[in-house]
Structures are given as structure tokens and as C-alpha cells.
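Report on the structure given below.
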2 protein chains.
Amino acid sequence: MTQNQAKKISKSDRTRAHILEAARLLFAERGYDGASIRDVAAHASIDPAMVIRYFRSKDELFARAAVVDLHLPELRMIDRAAIGETLIRRFLEIWEGPASGPGMTILLRSAMSNDFAAEKLREVFANQVRPVVAAVGDPADAGRGAGLVSSQLLGLAMCRYLLRLPPVVALSHDEIIRNVGSALQRYVTEEDLS
Amino acid sequence: MTQNQAKKISKSDRTRAHILEAARLLFAERGYDGASIRDVAAHASIDPAMVIRYFRSKDELFARAAVVDLHLPELRMIDRAAIGETLIRRFLEIWEGPASGPGMTILLRSAMSNDFAAEKLREVFANQVRPVVAAVGDPADAGRGAGLVSSQLLGLAMCRYLLRLPPVVALSHDEIIRNVGSALQRYVTEEDLS
DNA sequence: TTAGAAAGTCAACACTTGTTGACAAACGGA
DNA sequence: TCCGTTTGTCAACAAGTGTTGACTTTCTAA
């Protein structure tokens, strides 16, 4: 019984995972509108109706595909002078590291033209970025640092991985860490001298 | 004859401009895919077929709507220490100033999921941003500064005007000028100390 | 006034989209 | 073996897309 149930579940869950994998790939490459359910189904070698059966709708499929966990480090634990460098190094891991998934690409690609993706990306900011950055520095200044850091990092991701601006693509990791790292450092630790 | 011709042209060009205005509004609000020709036509109180008659296709309509001229100032003419502030002030004028058109919004909104918009945005960078920024600083370092500046400014535009991240929306002009301005200043003038 | 061009309307085309329901095959437990 | 659930296929729907061509109206030049 347990084995049967497990076997059944694993059977259906394998194609389920198959579909989700294809969806993540296509959503990342073409965005929400550009990736049709038929495309996803073809990529998973399956009938379009199955995509709807496993995920109730295209929206729900996208929601499942757009899950992101940044795994940002606890900034309180590290040298205050190294926060900027820590953040930019984690950024490079998220986008280029061996374990990097397409999650952020999916979100960023569609967030400009799809309300749901935009809301999801705002949630990532509110739940994962803001609390981490706010843990260092003036609590009264809560959002400012996180907002500035996000604007720089999302802009860098956009220019380097989606828009592919040649000079931004050409930047080496060292250049990015040095230049952007120090900018982030200032955003996070520098008081907003009025 | 001249008057007649002028009158005719002005007649047809008025609706032409009407269509283009509606298109710019909708492309800015909803992106390339989200704004249908029928939507544009309805907004211009005209038949969808007229949109095609005046602009040959949706792509061409978009191309006409997505024209951008940043009017960046010549950086060689100003105090080297004020370049960052100059850039960020111009940025705020482009996006929030009284004469600000939806051009950049149109481009940015669609550039993540539409190849043509992406190419057009890269052209804006290559033709309008890069030469201006490259005019100051090491020519061997040509693209780096312009790339970093663009990543920060496009990221800021994205977070503030499209994604509308609350803390970034809440930033005052003064805060933006102070914080981002000094970051830009470093990107442009600081040598890349290896 | 009248012929002709210009401006605008209407219906339809071919196609793609997300989604659904009816049906067939595979499979596991009794 | 046989029944029932799971897994999958097929065709179709209703809606929306960009685009086209035939048609009518409007207006101007001769």
C-alpha cells in the first residue's frame, strides 16, 4: 500500500516535475506571454491538456515556476565593512553560480509587463531583501538602504542577463565586486546625511 | 494647392498623431503584448483598420512610439566633480519632469520580453549614453563607466516607476540625488583600481 | 457640378490562445 | 481475471489576435 501509493505518486510527480522544468525554462527565456501552454507541453513531450490537469491554469503554473529563495546571508554576523562585498558576491552566485536556478530570471523577465509577476517580485523584496538589509543600520531608515541596493542589483541583473548590454556583459566578476560592491556598501552603511 | 495640400496633410496627420498618442500611452502602461491594436484604436476613437493603414503593422507602430531622445548634457563642459549629480538630475527630469514623455517607459516595459524593444534600448545606450559618459575618463575604460551608470539608472527607473517598490517610490528627489548621484560619480570618475 | 482621391467603416480571414470534456490506454489491488 | 483509478490523447470551444479587402462617405480640384 505504502509502496503502491509512493509509486503512483512518484509516477505522476515525475511528469509533473517534467512540466514544471519545461515551464521554468520557457518562462525564463520568453516571459509569461511569450511562453504558451502548448510550447511548454511540447517541450515536456506531453499533451497541452495535461499541463492544465496538473496545474489548474497558466497563472498557477507560473506561480509554481516563479518560486524564488535568495538565501541571503545574515548580515549581522559579518564584518560591517564587508557587507557590500558579501551582497554582490551572493548576487553573482544567485545569477551565475552552479546552483543558480532560473527563478529570478522568470520573475524579472515578466515583472515589467505582468502584474502577478510584479507583485511576486515585490514580495521577494519585502520578505527576503528588506529584512536582511534593514538588520544593519538605522531602523528608522529601514527601507532606504534595501531599496537602493535592490535598484542597483536588479538594474545590474537586467543589463547583464536580460538586456545583455555588451559593456555590462563584459564586466569581470572582480570588476563587479569592486565597483558595485563598494556602491552597495555605501548604500547600506552610510547614514543619509541631510 | 499648397494650402490644400497642407490642409489635407494636416487632416490625416492629426488622426495619425492621435493614434500615435494612444499607442504611446497604452504601450507605456501595458507593454507590447498587453496593448492590442484594437485597444489603441478604441482609445483613439477610430477603426482598427486605420491603425494598420497609417502604420503598416503593429511592429512599425511600436517602432514609431518607442522613439527616445534623452538630451543628455555634454559632460566635458561641466565641473568634473559634479558629473554624478548632473546625471541623476537629468534622470529625474527625463522620468518626472514636466516635458517627460513615455518613451523610456515604453522601451523599458517591453525590453525584457520583446526582442525589438530590447534592441532599441541597447541602441539608446550605445548612441546616447555611452558616448556621453565615455567623453570623460579613460577611453580604454570606455564601456565600463557607462555600463555601470546605466545599470544603476535603469534599475532605479525600474524599481521606482515600473515595479513601484514602496521604499524606492518613497525616496525624495534630494535623497536620490545625494545617494545615487555620489554612486554615479564614483562609477564615472573613479579609476578601476585593480 | 462632377470626377476622383482621400478618409473612414465593416465584416471577415487565418491564426493562436487558454481551457474543457469525452474518450482510450495503462496499471494495480482484489 | 476483472474492476477502478490513474494517466494520457484527441478534438473542439470560445475568445482574442494582427491583418486584409471591399465598400461607403467625405472632401477637394477642375
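Just the heavy atoms: all of them, side chains too, but no hydrogens, waters or symmetry mates, feed the values below. Note on naming: letters A, B, ... go to the chains in the order of the sequence lines (proteins, then strands), and numbering restarts at 1 for each one.
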N/O (side chain, A:Ser36) to phosphate O (OP1/OP2, C:dT17) under 4.0 Å
yes
Is it the case that over 12 heavy atoms from other parts of the model lie below 6.0 angstrom from the CZ atom of A:Arg64?
no
Using side-chain heavy atoms (C-beta onward) and a distance below 4.5 Å, is A:Val133 in contact with A:Arg144?
no
Rounded distance in Å - CG (B:Asp39) to P (D:dT17):
6 Å
What I'd like to find out is whether the side chain of A:Leu154 reaches to under 4.5 Å of the side chain of B:Met158, using heavy atoms alone.
yes
For B:Glu29, check salt bridge (Lys or Arg N to Asp or Glu O under 4.0 Å) against everything at least two apart and list the hits.
none
Check the distance between D:dT17's C1' and B:Asp59's CG and give it to me in whole angstrom.
13 Å
In whole Å, what is the span from the CZ atom of B:Phe55 to the P atom of D:dT19?
13 Å
To the nearest angstrom, the CG-P distance between B:Asn114 and D:dT17 comes to 16 Å
Minimum side-chain heavy-atom gap A:Phe116-A:Lys120 below 4.5 Å
yes
For a quick check under 3.5 Å, do A:Glu93 and A:His71 share a side-chain donor-acceptor pair by atom type?
no
Please produce a list of atom pairs where a protein N or O lies less than 3.5 Å from an N or O of nucleotides 8-12 of chain D.
{"unit_1": "D:dG8", "atom_1": "OP2", "unit_2": "A:Tyr54", "atom_2": "OH", "d": "2.9"}
{"unit_1": "D:dG8", "atom_1": "N7", "unit_2": "A:Arg53", "atom_2": "NH2", "d": "2.5"}
{"unit_1": "D:dG8", "atom_1": "O6", "unit_2": "A:Arg53", "atom_2": "NH2", "d": "3.0"}
{"unit_1": "D:dT9", "atom_1": "OP2", "unit_2": "A:Asp47", "atom_2": "N", "d": "3.3"}
{"unit_1": "D:dA12", "atom_1": "N6", "unit_2": "A:Arg38", "atom_2": "NH2", "d": "3.4"}

d(NE2, B:His18; P, C:dA7) in whole Å
16 Å
What is the distance, rounded to the nearest whole Å, between atom CG of A:Asp33 and atom P of C:dT16?
16 Å
Quick one: B:Ile37 CD1 to C:dC10 P, roughly how many Å, whole number?
18 Å
C:dG8 C1' sits how many Å from B:Ile52 CD1, rounded?
15 Å
